[in-house]
Enquirer: 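My questions will all concern the structure given below.
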Amino acid sequence: MRLWEYLAGKMHPFADRVAFANGHITYADLLQWGRTAKENRRPRVCEGQTREAQAIAILRCIAEGDVAVPVSAEYGSKHSGRVKTAVHITQENMQDLAFVMFTSGTTGTPKGVMLTDTNVIENLAYISEYFRVSEFRTICIARPLMHVAVITGELLYALCNGLTVYFYEEPFMPQRVLSYFAEHGIEVFCATPTLYRTLAKARGTRDFPVRAGVLSGEILSEAVGREIADAFPQTEFYNVYGLTEHSPRVTALTPDQFRLRPNSIGKPIGNVRITIADGELLVRSPCVMKGYYGDRQKTAQKICDGWLHTGDAAHVDEEGYLYIDGRKDNMLIRCGLNIYPEEIERTAKECPQVTDCVAYGMPTEQGTLICLNYTGAVTPAELRKFLAANGNLSAIPDRIGKVAQLARTPSGKIQRK
């Protein structure tokens, strides 16, 4: 089945509802788009001046039978140029593809993840098994439509359930976001733990209409998870895990378990199978990508014997709940001990005066120094004392620096340097 056929079947019962609030586009309007589907698929770059405009471009592309390749001005013109060049110089069989999702590619040619109709349809079906939103009517999308987590887990899933989508198009200012939610009665909102924590600190006594919150994109510490849950007691939180190469969702921690173990990413969803080999999480399911666009060698390195190598270090507790420990390729070694930067960051973020941070290694003639840069209202000496009292003593950074802001990639991820 083609992705648009699946979406149209899901959207049909909601024909009388508004799909996109900003432009007042109805579900009936969307259902008209699939009448000119092509037989032969071609890659189509999907962009727009706003998030809603880009969402429309992506949906029209799928409806008309082409393969959506999202790009965004938020990533810069160089990234867009690299993507456009890549899709026109590489020949791939695209007949079963729905998307080619390109990574941020801050240097060189970005990787293109090929996702089929089946990949995305299966992932949407798996999400529906644990994330019930039929009682809600509104969702806000505030992240770029360059992430398959946003496209599958927010945009397409919302349309499958008849929600009205509000696209937050303004600069991120916590008080303004909170006002926007209250003004439009936003009931579903997906974001990183850092963003939710920022909203928690800015909330005050303001009412918070969100009833279902989905956390993803970062490792969530137990302390930060409880802080978020305490700040928004009327919101049911899910902590989920996925990656672009898996369309994306792999596991989910549901609200009934969130307060008990908020730092867990839960258990596999749907027909997803997992195993841990040499400390690395491997995944197998119908959602695993077809491969990297035009790069069979990288594909073979990423998918071995049907298992997708995530690159994430993980462990499972005695009750079968999964935890991400960090990236295997970010691992630092000090005095023979393996240290994950994410471990240092989780502890630092537990300090109430730290708003964000990044840990990384700095090679020197004497060996690798462990460094920590952070933003917040605490001195480096005070933060070091906090880390010593609350963290792993063997992982205390050699250097701690307070900065005005952290360096980020075009996709918004913090750079480890």
Side-chain angles (χ1 to χ4, degrees), residues 10-11 13-14 17-21 27 51 55 123-143 145 147-168 172 174 177-200 202-203 206-218 220 224-242 248-267 269-270 321:
K10 293 291 185 179
M11 292 189 295
F14 312 115
R17 295 187 186 180
V18 173
F20 296 156
Y27 277 86
R51 291 194 174 105
N123 211 256
L124 288 168
Y126 294 171
I127 294 172
S128 70
E129 293 180 11
Y130 70 88
F131 191 34
R132 306 297 172 84
V133 296
S134 57
E135 63 185 281
F136 305 127
R137 297 298 292 268
T138 58
I139 182 174
C140 179
I141 295 179
R143 295 186 286 186
L145 291 167
H147 306 286
V148 72
V150 180
I151 292 176
T152 302
E154 299 181 46
L155 176 63
L156 299 187
Y157 191 68
L159 296 178
C160 286
N161 289 275
L163 300 186
T164 295
V165 181
Y166 288 82
F167 293 92
Y168 185 78
F172 179 79
V177 172
L178 292 169
S179 296
Y180 186 91
F181 285 1
E183 178 183 352
H184 299 291
I186 301 301
E187 295 172 291
V188 181
F189 184 58
C190 309
T192 63
T194 295
L195 194 153
Y196 257 106
R197 193 184 187 204
T198 302
L199 293 179
R203 181 190 174 194
R206 187 188 301 272
D207 289 336
F208 192 64
V210 175
R211 294 294 171 260
V214 182
L215 304 172
S216 67
E218 298 172 355
L220 178 64
V224 171
R226 295 192 191 284
E227 178 184 341
I228 292 171
D230 289 342
F232 306 111
Q234 303 304 315
T235 305
E236 290 194 331
F237 284 102
Y238 299 76
N239 190 26
V240 302
Y241 165 81
R249 203 64 54 80
V250 174
T251 69
L253 183 76
T254 50
D256 60 305
Q257 292 294 319
F258 187 82
R259 281 191 171 273
L260 299 176
R261 44 173 68 84
N263 54 325
S264 169
I265 56 170
K267 295 183 178 182
I269 61 176
Y321 287 91

Enquirer: Is it the case that the side chains of E218 and T194 hold a donor-acceptor pair, with the cut-off being a distance below 3.5 Å and no angle test?
Expert: yes

Enquirer: With a 4.5 Å heavy-atom cut-off, do L215 and V240 have their side chains touching?
Expert: no

Enquirer: Can you tell if the side chain of Y241 reaches within under 4.5 Å of the side chain of I269, non-hydrogen atoms only?
Expert: no

Enquirer: Give the intermediate values and the outcome of side chain to side chain contact (heavy atoms under 4.5 Å, CB included) for residues I139 and T164.
Expert: CA-CA 6 Å; I139 182 174; T164 295; over 6 Å; no

Enquirer: Considering only heavy atoms from C-beta outward, does the side chain of Y321 approach that of Q257 to under 4.5 Å?
Expert: yes

Enquirer: Report the residues that fulfil salt bridge (charged side-chain N to carboxylate O under 4.0 Å, His left out) with D230, sequence neighbours left out, ordered by chain and then residue number.
Expert: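 Here the qualifying residues are R259.
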
Enquirer: Once rounded to the nearest 0.5 Å, what's the spacing between atom OG1 of T235 and atom CZ of F258?
Expert: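 Answer rounded to 0.5 Å: 10.5 Å.
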
Enquirer: If you draw the axis of the six-membered ring of F167, does the NZ or CZ of R51 fall within 45° of it and under 6.0 Å from the ring centre?
Expert: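 No cation-pi geometry.
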
Enquirer: Start with the C-alpha gap between E135 and R211, add the side-chain angles, then the distance that decides, and say whether salt bridge (charged side-chain N to carboxylate O under 4.0 Å, His left out) holds.
Expert: CA-CA 10 Å; E135 63 185 281; R211 294 294 171 260; over 6 Å; no

Enquirer: How would you list, by chain and number, every residue that makes a side-chain hydrogen bond (donor to acceptor under 3.5 Å, both in side chains) with T192, sequence neighbours excluded?
Expert: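 side-chain hydrogen bond (donor to acceptor under 3.5 Å, both in side chains) list for T192, sorted by chain: empty.
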
Enquirer: On a heavy-atom basis, which atom in A142 and which in F189 lie closest, and how many Å separate them?
Expert: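 It is CB-CE1, 3.8 Å.
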
Enquirer: Look up atom OG1 in T254 and atom CZ in R132, then write down how far apart they are to the nearest 0.5 Å.
Expert: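 CZ of R132 is found 11.5 Å from OG1 of T254.
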
Enquirer: Which of parallel (below 30°), tilted (30 to 60°) and perpendicular (above 60°) describes Y166 and H184?
Expert: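 Tilted, since the angle between the ring planes falls between 30° and 60°.
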
Enquirer: Identify the heavy atoms of L159 and A19 that sit nearest to each other, and give their distance.
Expert: CD2-CB, 4.2 Å

Enquirer: With a 3.5 Å distance limit and no angle check, can you tell me whether S264 reaches the backbone of R261 through a side-chain donor-acceptor pair?
Expert: no

Enquirer: Start with the C-alpha distance between E227 and R197, add both sets of side-chain angles, then the distance that settles salt bridge (charged side-chain N to carboxylate O under 4.0 Å, His left out), and finish with yes or no.
Expert: CA-CA 8 Å; E227 178 184 341; R197 193 184 187 204; 3.1 Å; yes

Enquirer: Taking the side chain from N239 and the backbone from S216, do they hold a donor-acceptor pair closer than 3.5 Å?
Expert: no

Enquirer: Which heavy atom of P248 sits nearest to which heavy atom of T152, and what is that distance?
Expert: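 Of all heavy-atom pairs spanning P248 and T152, the closest is CD-CB, 3.8 Å.
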
Enquirer: Could you check whether any side-chain N or O of T251 sits under 3.5 Å from a backbone N or O of I265, counting only pairs where one atom can act as donor and the other as acceptor?
Expert: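 Yes.
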
Enquirer: Please name the pair of heavy atoms, one in L163 and one in V133, separated by the smallest distance, quoted to 0.1 Å.
Expert: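 That would be CD2-O, 3.9 Å.
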
Enquirer: Please round to the nearest 0.5 Å and tell me the distance separating atom CG of L155 and atom SG of C190.
Expert: 11.0 Å

Enquirer: As an exercise, state the distance from CG of L124 to CG of N161, rounded to the nearest 0.5 Å.
Expert: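 Going from CG on L124 over to CG on N161, the span is 9.5 Å.
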
Enquirer: Using every non-hydrogen atom in the two residues, find where V210 and A212 come nearest and quote the distance to one decimal.
Expert: CG1-O, 3.4 Å

Enquirer: Go through the side-chain N and O atoms of R249 and Y130 and say whether any donor and acceptor fall under 3.5 Å apart.
Expert: yes

Enquirer: Measure the spacing between CZ of R226 and CZ of F237 and express it to the nearest 0.5 Å.
Expert: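 Nearest 0.5 Å value for the CZ-CZ distance: 13.5 Å.
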
Enquirer: Go through it in stages, so that I can follow the logic: the residues are L199 and F232, the test is side chain to side chain contact (heavy atoms under 4.5 Å, CB included), and I'd like the CA-CA distance, side-chain angles, deciding distance and then a yes or no.
Expert: CA-CA 10 Å; L199 293 179; F232 306 111; 4.1 Å; yes

Enquirer: Give me the atom names and distance for the closest heavy-atom approach of Y168 to C140.
Expert: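 Shortest heavy-atom contact: CB-SG, 3.8 Å.
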
Enquirer: Please assess V188 against F131 for the test side chain to side chain contact (heavy atoms under 4.5 Å, CB included), listing each intermediate value before the final yes or no.
Expert: CA-CA 11 Å; V188 181; F131 191 34; 4.0 Å; yes

